Each structure stands twice: as structure tokens, then as C-alpha cells.
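Here's the structure we're looking at; comments come further down.
Below, read A as the first sequence line, B as the second, and so on, with proteins coming before strands; counting in each chain starts at 1. None of these values were measured; they are calculated from a predicted model.
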Amino acid sequence: MSIDADTLVDWFGTAGRDLPWRRPDCTPWGVLVSEIMLQQTPVARVLPIWAEWLARWPRPSAMAAASQGEVLRAWGRLGYPRRALRLHAAAGAIAEQHGDQVPSDVDTLLALPGIGAYTARAVAAFAYGKRAPVVDTNVRRVVARAVHGAGDAGPPSTTRDLADVEAILPDTDRAAARFSAALMELGALVCTARSPRCADCPLLDGCAWHRAGKPAYTGPAKPVQKYAGTDRHVRGLLLAVLRETEGPVPKSRLDVVWSQAGQRDRCLDSLLVDGLVEQTADGRFALPGEH
DNA sequence: AAAACGTGGCT
DNA sequence: TAGCCAAGTTT
């Protein structure tokens with residue numbers, strides 16, 4: 001059982017969102033920036049930051065010329081700030097090793113920091129119109145339902161997931177790229193995780209899950225991510241202080257964000273190790289490259 | 001392979 | 001309200 005590509009792509013043409021990184025005039029660099037920002041982050045929160053970034057840093061070399069701290073500050077509250085650091089590093093590599101042009105080859109993209117199996121293929125497909133299996137959480141869910149008749153995707157397995165999607169990808173570059181964008185969009189708008197809108201689904205007739213009576217997902221439960229009180233929480237609080245402050249701050253400014261000294265110090269240390277924070281010669285703390 | 005890694009909106 | 005969820009990558 002497969003997916004009717006024409007039906008899906010037709011639906012995408014009418015129901016797909018007009019996102020700026022999908023417009024014909026968007027550069028490969030714009031696509032790459034969007035893909036990094038969209039990792040684990042909703043479109044609505046990415047939209048304004050993406051626009052700021054592309055206006056401020058229209059090419060990789062422009063971003064590479066900024067300091068890490070500037071980039072982290074511009075990242076704001078998008079979350080997972082190591083993405084910003086890695087994108088900055090990728091921009092430097094692209095500027096210096098690839099003539100300021102985002103690579104179009106999957107393996108070359110994979111060699112860049114912060115670019116994994118999904119992002120490399122997303123850039124190849126969406127920025128360069130290449131045929132490559134683009135597998136994100138939306139695609140995994142749609143394929144699990146429409147093709148396999150399961151309520152949801154099981155635990156990810158890059159090799160198997162790529163093969164699954166490769167098998168249903170249209171033959172030509174152009175058609176495959178369009179198909180991938182449409183598949184993702186269907187997962188984002190219709191075949192959603194919580195309450196799928198099957199009544200609006202263009203694939204309903206051929207959907208294995210629908211045909212099977214929409215059985216509930218039976219696989220292993222996804223591990224719940226705690227946040228309150230975790231190191232991630234504390235690191236976020238620490239970084240927020242540095243983001244909102246002009247220059248270096250004394251440790252006392254950081255100490256007030258969390259009462260447990262042990263956890264607080266451990267988190268500050270991990271931020272230093274990760275390169276998200278730097279210590280000045282006089283012992284104060286700052287975003288990297290900003291003193 | 002499992003766990004760490006931010007943040008905020010929605011149900 | 002507490003938990004679920006959002007275009008993943010790295011170690």
C-alpha cells in the first residue's frame with residue numbers, strides 16, 4: 001500500500017501554507033536557517049526570528065562575521081541554543097570551504113555541525129529540488145498511518161525510516177521534493193499527533209489506518225520529558241540572564257536564579273563546557289565572544 | 001541506544 | 001493542571 005502522490009500534491013497546492021522559506025525567491029541559506037530553527041520548535045515561533053535573521057545575515061559569511069554572543073542573543077527564546085552555536089559554526093564552514101554557498105550534496109551537508117539525517121535531506125530537497133527521503137516526525141507519523149495502518153510511528157530508526165520513505169518517493173527530483181513537502185504539511189495540518197482531522201484528509205480513501213478502523217497505537221510509550229527543576233530548566237534561566245544583560249555579569253547575578261547551589265554550579269559549568277558561556281579574566285560570566 | 005538538550009502553547 | 005507536543009542532533 002502506498003500514497004497517491006498526485007492527490008497529496010494537489011492538496012498541498014491548495015491547502016499548504018505560504019511560508020517564507022517555501023517561496024521561490026528564498027535562498028538555500030534561508031532554507032537551511034529555517035530547518036535548524038524548526039527543529040523541535042513550532043512554526044509560529046520561528047517565523048519572526050527567521051525574518052530577522054535573514055535580513056541581518058543574508059549570507060553565511062555575514063553570520064560568520066558575527067560573534068557567537070550576538071547570534072545567541074538573536075536566537076532569543078527559541079530554545080536549544082546550541083543550535084544557534086552550531087549554525088554559526090556551519091555558516092563559517094560554508095563561507096570558508098564552500099564559497100559561501102550552502103552545499104546541495106547530502107553527504108557534504110551531513111558533515112556540517114548541527115545538520116543530521118533530516119536536515120541534510122530537507123535542504124537537498126527543499127533548497128535544491130533534489131530527490132531525497134525527508135523524514136521528520138510528521139512524515140514518520142503519516143507513513144505509519146497511511147501506509148502501515150498503525151496509530152502512530154514506533155521508535156525512530158534512521159535506516160528503516162529512510163528506506164520506508166525512499167520506497168514511496170516519486171521518481172523524479174522535482175516530484176519527490178514536492179511530495180516530501182506535501183507529506184510533511186499533511187502531518188502538520190491534518191494527520192496530527194493528537195486529534196487527526198481525517199475528515200479533511202486527501203488520502204482518506206487509501207489510508208491503511210482508516211481502513212483498519214483506526215486502531216490505537218500499541219507500541220512503546222514515548223518517554224515523557226520533564227522540564228521543571230531539571231538542569232535544562234536551570235541552564236535556561238542562567239542563559240536568560242546573560243542574554244538580557246549588556247556585558248559580563250558577576251556570579252552573584254547568576255546565583256539568584258536558582259536556590260540549589262550544587263545544581264546551579266553544575267549547570268553553569270556545563271554551559272561553559274558547551275561553549276554557551278565564557279568566563280572573563282576577572283571571573284565574571286558572559287555570552288561567548290562578547291567581552 | 002538511550003538520554004540530554006529549551007521553551008511555550010494547547011488540551 | 002499536568003502532560004503532551006513542536007520540521008532533531010549529538011554523545
**Prompt:** C:dC4 P sits how many Å from A:Y227 OH, rounded?
**Reply:** 17 Å
**Between B:dG6 (C1') and A:L38 (CG): distance, integer Å** = 15 Å
**Request:** Indicate, yes or no, whether a donor-acceptor pair under 3.5 Å links the base of B:dT7 to the side chain of A:R232.
**Result:** no
**Item:** Side-chain N or O of A:R243 closer than 4.0 Å to phosphate OP1/OP2 of B:dT7
**Value:** yes
**Asked** Under 4.0 angstrom, heavy atoms only, what part of the nucleic acid is A:T230 near: base, sugar-phosphate, or nothing?
**Response** nothing
**Item:** Side chain of A:L19 (C-beta onward), nearest among B:dC5, C:dA7, C:dC4
**Value:** C:dA7
**Fill in**
Whichever of A:P223 and A:L276 has the more 5' nearest nucleotide on DNA chain B, that residue is A:P223
**Complete:** Ranking A:D152 and A:V135 by the position along DNA chain C of their nearest nucleotide, the one closer to 5' is A:D152
**Asked** Are OP1 or OP2 of B:dA4 and a side-chain N or O of A:K226 less than 4.0 angstrom apart?
**Response** no
**Item:** Value in whole Å for how far the P atom of B:dG8 lies from OH of A:Y80
**Value:** 13 Å
**Message:** Students often get this wrong, so: under 4.0 angstrom with heavy atoms, is A:G116 touching a base, only sugar-phosphate, or nothing?
**Reply:** sugar-phosphate
**Asked** Base, sugar-phosphate, or nothing: which does A:P156 touch, judged by heavy atoms less than 4.0 Å apart?
**Response** nothing
**Request:** Describe the nucleic acid contact of A:D274 in one word from base, sugar-phosphate, nothing, applying a heavy-atom distance below 4.0 Å.
**Result:** nothing
**Asked** So does A:R235 get a side-chain nitrogen or oxygen closer than 4.0 Å to the phosphate oxygens (OP1/OP2) of B:dG6?
**Response** yes
**Message:** Less than 4.0 angstrom from a charged side-chain N to a carboxylate O is my criterion; do A:R140 and A:D161 meet it?
**Reply:** yes
**Message:** I need the CZ-C1' distance between A:F12 and C:dA7, as an integer number of Å.
**Reply:** 12 Å
**Prompt:** Side-chain donor or acceptor of A:T41 under 3.5 Å from a matching atom on the base of B:dG6?
**Reply:** yes
**Prompt:** A:A117 near the nucleic acid: base, sugar-phosphate alone, or nothing, with a heavy-atom cut-off under 4.0 Å?
**Reply:** sugar-phosphate
**Message:** Would you say A:R141 places a side-chain N or O within less than 4.0 Å of OP1 or OP2 belonging to C:dA6?
**Reply:** yes
**Message:** Suppose you measure atom C1' in C:dA6 against the same atom in B:dG6; what distance do you get, rounded to whole Å?
**Reply:** 12 Å
**Message:** Whole angstroms only, please: what is the CG-P distance between A:L110 and C:dG8?
**Reply:** 16 Å
**Comparing A:L112 and A:W21 on DNA chain C - which has the more 5′ nearest nucleotide** = A:W21
**Request:** Could you check whether A:A122 gets within reach of a base, just the sugar-phosphate, or nothing at all, counting any heavy atom under 4.0 Å?
**Result:** nothing
**Request:** Working to the nearest 0.5 Å, report the span between SG of A:C267 and CG of A:L272.
**Result:** 11.5 Å
**Complete:** Rounded to whole Å, the CD-C1' distance (A:Q40 to C:dA7) equals 9 Å
**Request:** Give A:I36 one of three labels, base, sugar-phosphate or nothing, depending on what nucleic acid heavy atoms sit under 4.0 Å from its own.
**Result:** nothing
**Gap between atom CG of A:D6 and atom CH2 of A:W11 - 0.5 Å precision** = 15.0 Å
**Whole-angstrom distance between C:dA7 and B:dA2, as gauged at atom P** = 23 Å
**Asked** Has the side chain of A:R194 got a donor or acceptor that lies under 3.5 Å from a partner of the other kind on the base of C:dC5?
**Response** no
**Complete:** Among the nucleotides C:dA7, C:dA6, C:dC4, whichever has the atom closest to the side chain of A:V224 is C:dC4
**Request:** Mind checking A:R140 for me? I need base, sugar-phosphate or nothing, with any heavy atom below 4.0 Å counting as a touch.
**Result:** nothing
**Item:** Test log, rule salt bridge (Lys or Arg N to Asp or Glu O under 4.0 Å), inputs A:K251 and A:D265
**Value:** CA-CA 10 Å; A:K251 186 161 183 301; A:D265 291 346; 3.0 Å; yes
**Asked** Is the shortest side-chain N/O distance from A:R82 to OP1 or OP2 of C:dT10 below 4.0 Å?
**Response** no
**Message:** Rounded to whole Å, how long is the line connecting atom CG of A:N138 with atom P of C:dA7?
**Reply:** 4 Å
**Message:** Assess the residue pair A:W209 and A:H148 against the criterion (ring-ring contact (aromatic ring centres under 6.0 Å, His included)); give the C-alpha distance rounded to whole Å, side-chain angles, the decisive distance to 0.1 Å, and a yes or no.
**Reply:** CA-CA 7 Å; A:W209 186 45; A:H148 300 307; over 10 Å; no
**Listed nucleotide nearest any side-chain atom of A:Q39, set B:dT7, C:dA7, C:dG8** = C:dG8
**Request:** May I ask you to decide if A:L32's main-chain N or O and A:S34's side chain share a donor-acceptor pair within less than 3.5 Å?
**Result:** no
**Asked** Rounded to whole angstroms, how far apart are CD on A:Q225 and P on B:dG9?
**Response** 18 Å
**Request:** Apply ring-ring contact (aromatic ring centres under 6.0 Å, His included) to A:W29 and A:W57, showing your working.
**Result:** CA-CA 10 Å; A:W29 169 240; A:W57 298 307; 8.8 Å; no
**Item:** Any A:T119 side-chain nitrogen or oxygen under 4.0 Å from OP1 or OP2 of C:dT9
**Value:** yes
